[in-house]
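Following: one structure in structure tokens, then a few remarks.
Any value given below was found using the heavy atoms of this structure, including those in side chains, with hydrogens, waters and symmetry copies removed. Every number for a ligand or one of its atoms is a count from 1 in the order of the listing.
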Amino acid sequence: MRASISILQVLKKTAQTGEKITGPALAGELGITRAAIWKKISRLRLEGYKIEAGRSGYRLIESPDLSAEELELLLPGRKIIYKKELSSTNDLALSICVNSALHGITDPRGVIIVADSQSGGKGRLGRKWLSPPGVNIYLSVILKTGLSPESAPLLPLAAGLASALALKAQTGLDVRLKWPNDLLAGGKKLGGILLELRSDPDRILFAVVGIGINVNTRKKDFPKALAHTATSILAETKTPANRAALIAAVVKELEHWARRLEEEKGKSALLTAYRSLAETLGREIRIHTEGKTYEGVATGVDHEGRLIMRSGAKTMHFSTGDVLMVRERKKPA
Ligand code: BTN
């Protein structure tokens with residue numbers, strides 16, 4: 001654990017009661033010199049912490065909503081890489097998977113990468129993912145999984161479900177899923193997931209789950225092209241959310257469902273939970289896949305995670321594709 005985290009823990013604890021803590025008391029508690037305390041306080045300030053310092057001691061006034069320190073406090077025991085700017089968190093994760101030693105990492109499994117902004121954020125199907133600084137979540141998790149490649153199609157659903165459940169629990173928002181794993185709120189896109197896998201014939205070598213969530217983007221700050229289709233937690237709830245707390249909740253939920261996927265019972269629990277949040281089901285849809293477009297009614301998600309669509313007398317199963325929900329859900333007669 002980094003010493004600055006210990007200092008932060010002490011500062012957070014004392015701030016709860018509105019108290020100040022003196023330099024000698026801090027130095028005594030952490031077993032370091034007062035000069036070292038001052039250095040750490042300066043570093044925390046650079047990270048965005050507001051710390052009052054006076055004759056009677058130090059007091060933490062405000063913490064940033066995202067920093068390496070906040071993430072480490074909320075996700076103890078994990079290897080976390082936090083960067084102010086990256087090309088893409090998924091690209092760094094993939095590079096770590098391919099050559100972990102180059103990044104000074106012994107075991108890439110479980111590594112969490114977070115950026116405040118991305119210059120080359122990637123979306124599904126070769127699209128770009130807009131990644132401005134200071135407002136949203138750009139997260140990649142290298143999953144620990146012993147899953148066989150046949151079960152791989154369930155991973156995107158698990159990542160979508162985990163994100164939706166975590167966001168719902170943290171913000172109260174009714175987050176839904178558009179197959180396979182778009183996060184929706186109020187019918188608009190709140191976030192998306194890009195899963196990048198490398199497998200050999202009988203096992204998944206590594207799975208990088210990349211999650212982008214619009215958190216504190218104001219309605220008026222979305223580019224015109226996205227104004228009617230995208231939303232954020234702030235736009236839906238009118239309340240800014242703490243990004244570190246959301247990331248911690250998403251990561252824990254994702255770790256939980258990745259573990260559950262390794263047993264049969266867990267797989268059916270995942271599918272049941274997924275179907276209950278799937279906005280796509282029962283809707284008339286248009287699905288674009290491998291250069292072709294099909295239309296019909298989405299009737300279910302099969303045990304392999306594929307979307308089932310009825311089109312006239314035909315039933316089709318899709319393992320990949322871009323879904324457009326054409327009409328409102330039919331009201332039961
Ligand atoms: C989508 O198209 O819906 C998926 C978007 C995934 C974006 C996230 S942001 C963090 C991670 N890094 C990337 O470059 N992409 C994913």
Checklist entry - If Ile, Leu, Val, Met, Phe, Trp and Tyr residues are connected whenever their side-chain heavy atoms lie under 4.5 Å apart, and connections chain through other members, are Trp257 and Leu147 in the same group? => result yes

Next on the checklist: Would Arg124 count as a polar contact of ligand 1, with the cut-off being nitrogen or oxygen pairs under 3.5 Å?
Outcome noted: yes

Checklist entry - Where is the nearest protein heavy atom to atom 5 (C) of ligand 1: which residue, which atom, and how far? => result Trp129 CE3, 3.4 Å

Checklist entry - Just by modelled atom types, is the Ile142 backbone N or O under 3.5 Å from a matching donor or acceptor in the Arg109 side chain? => result no

Checklist entry - Side-chain contact, heavy-atom cut-off 4.5 Å: Asp116 with Tyr82? => result yes

Checklist outcome for this item: Of all protein heavy atoms, the one nearest atom 3 (O) of ligand 1 is Lys189 NZ, 2.7 Å

Checklist entry - Do Thr217 and Ser232 meet the criterion of a side-chain donor-acceptor pair at a distance under 3.5 Å? => result no

Checklist entry - What part of Arg127 sits under 4.0 Å from ligand 1 if we count only heavy atoms: the side chain, the backbone, both or neither? => result neither

Checklist entry - Any idea which protein heavy atom is nearest atom 9 (S) of ligand 1, and the distance to it? => result Gln118 NE2, 3.5 Å

Next on the checklist: Applying a heavy-atom cut-off of 4.0 Å, say which part of Asp182 lies close to ligand 1: side chain, backbone, both or neither.
Outcome noted: side chain

Item to check | Atom indices of ligand 1, in the order listed, that fall short of 4.0 Å to a heavy atom of Thr89 | outcome: 10 (C), 11 (C), 12 (N)

Next on the checklist: Only heavy atoms of Ser88, strictly under 4.0 Å: list the atoms of ligand 1 that pass.
Outcome noted: 12 (N), 13 (C), 14 (O)

Checklist entry - Looking at Arg286, Lys292, Arg127, which hits salt bridge (charged side-chain N to carboxylate O under 4.0 Å, His left out) with Asp322? => result Arg127

Checklist outcome for this item: Interatomic distance, NZ@Lys83 vs OG@Ser117, rounded to 0.5 Å, equals 12.5 Å

Checklist entry - Is it the side chain (CB and beyond), the backbone, both or neither of Leu139 that lies under 4.0 Å from ligand 1, heavy atoms counted? => result backbone

Next on the checklist: Within the 4.0 Å heavy-atom shell around Gly192, which atoms of ligand 1 are there?
Outcome noted: 3 (O), 4 (C), 5 (C), 6 (C)

Checklist entry - Can you tell me the protein heavy atom closest to atom 4 (C) of ligand 1 and the distance? => result Ile193 N, 3.4 Å

Checklist entry - Can you tell me if CD on Glu290 sees more than 12 non-hydrogen neighbours from other groups inside 6.0 Å? => result no

Item to check | Contact atoms of ligand 1, heavy-atom distance to Gly121 under 4.0 Å | outcome: 14 (O)

Checklist entry - With a cut-off of 4.0 Å, which atoms of ligand 1 are near a heavy atom of Lys122? => result 5 (C), 6 (C), 7 (C), 13 (C), 14 (O), 15 (N), 16 (C)

Next on the checklist: Please check: side-chain N/O of Glu279 versus main-chain N/O of Gly187, any donor-acceptor pairing under 3.5 Å?
Outcome noted: no

Checklist entry - side-chain hydrogen bond (donor to acceptor under 3.5 Å, both in side chains) between Glu85 and Tyr138: does it pass, once the steps are laid out? => result CA-CA 10 Å; Glu85 208 214 297; Tyr138 316 112; over 6 Å; no

